[in-house]
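Labels below follow one simple rule: chain letters A, B, ... track the order of the sequence lines, proteins then strands, and each chain is numbered from 1. Treat the numbers as computed from the prediction; the structure is a model and nothing was measured.
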Amino acid sequence: MLLLKDFFMQDAMSLAPQLLGKIIMVNHGNEMIISGQITETEAYCGLEDLGNHAKDGRRTPKNESMYLEGGHAYVYKCYGVHDMFNIVSGPAEVGEAVLIRAVAPIENIEQMQLNRNCIYDDYRLTGGPGKVCEALGITKNHDKMPLYADQSSIQIYDTGTIIENFVSGPRVGMSRHVGDCSNWPRRFYIAKNKYVSKPLNVWYDWEGN
DNA sequence: CCAAGGATACTC
DNA sequence: AGTATCCTTGGA
């Protein structure tokens, strides 16, 4: 079932774990569909979140799409090499998003392996935000695109299953941002899933224990 | 561990 | 214009 706009109209912190288990479907035309199940996400939320591109209400051409209504794509280039796929959450003008950090291949794993130039079928194929975009063929061209429309080339589907067996912990790559926010448990992934980028040594449950 | 890589944002 | 920074990856 295609997820509609309503689903994305919540804050990133609650949307991020709910996106686990959902299907990203990318339609490249000519019958070429690549899809994968979301296994790892990170929430970037609020003005006070130093890891958020929209911290302090910062607004530039690059992060402009974060201020769109929930359910739009925010794709940007990181380290000059890798594209990152985020899903904007909440109402327009807020500036929150969920980063998709890993997926499990569903349709067209052969094409993913071609795109990634490897023959793996584990975290080495799709475990990492840059790898997700490369495998699925998501680029900056998809920035600002709505994901909930019938004709969208990227859509998010609900399988009906709710992932309860997930882990939360600190986000990846936040070390430069001194302050509490580096350690906030805003990263979520499906427990013991082989497509997760960097499993934690110390595991937290949803209550933060 | 470290360098590549390029767009972007901030400082002159 | 010049430079530092960046939510990474792949290969020493």
Counting primed atoms, P, OP1 and OP2 as sugar-phosphate and everything else as base, the B/S/- map of nucleotides 6-12 of chain B against protein heavy atoms under 4.0 Å is B-SSS--
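- Checking the phosphate oxygens (OP1, OP2) of C:dG10, a side-chain nitrogen or oxygen of A:Lys131 falls inside 4.0 Å.
- In this structure, A:Ile87 atom CD1 and C:dC7 atom P are separated by 19 Å, rounded to whole Å.
- Using a distance-only test at 3.5 Å, with no hydrogens or angles considered, no donor-acceptor pair links the side chain of A:Asp143 to the main chain of A:Lys140.
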Stepwise ring pair (Phe, Tyr, Trp, His ring centres under 6.0 Å) check, A:His142 with A:Phe85: CA-CA 9 Å; A:His142 296 103; A:Phe85 175 57; 8.2 Å; no
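- A donor-acceptor contact closer than 3.5 angstrom links the side chains of A:Asp121 and A:Tyr195.
- Contact annotation: the side chain of A:Thr126 approaches that of A:Pro105 to within less than 4.5 Å [non-hydrogen atoms, C-beta and beyond].
- Shown are A:Arg124, A:Lys131, A:Arg101; of these, the side chain to side chain donor-acceptor pair (under 3.5 Å) with A:Ser197 is made only by A:Arg101.
- Between A:His53 atom NE2 and C:dT5 atom P there is a gap of 15 Å when expressed in whole angstrom units.
- Rounded to whole Å, the distance from CG on A:Asn86 to P on C:dC7 is 11 Å.
- Base pairing of C:dG10 is made with B:dC2, judged by Watson-Crick or G-U wobble geometry with both donor-acceptor distances under 3.5 Å.
- Atom CG of A:Leu99 and atom P of C:dC6 are 16 Å apart (whole Å).
- Computed from coordinates, the A:Arg171 CZ to C:dT8 P distance equals 11 Å when rounded to whole Å.
- Rounded to a whole Å, the CD atom of A:Glu96 is 18 Å from the P atom of C:dC7.
- A search for side chain to side chain donor-acceptor pair (under 3.5 Å) contacts involving A:Glu96 returns nothing, not counting sequence neighbours.
- Between the CE atom of A:Met84 and the C1' atom of C:dT9 there is a distance of 9 Å, rounded to whole Å.
- Here the rule is salt bridge (charged side-chain N to carboxylate O under 4.0 Å, His left out) with A:Glu64, and of A:Arg58, A:Lys144, A:Arg59 only A:Arg59 fits it.
- Rounded to whole Å, the distance from OH on A:Tyr76 to C1' on C:dT5 is 13 Å.
- Residue contacts for A:Arg116: at a heavy-atom cut-off of 4.0 Å it reaches the sugar-phosphate backbone alone, with no base atom in range.
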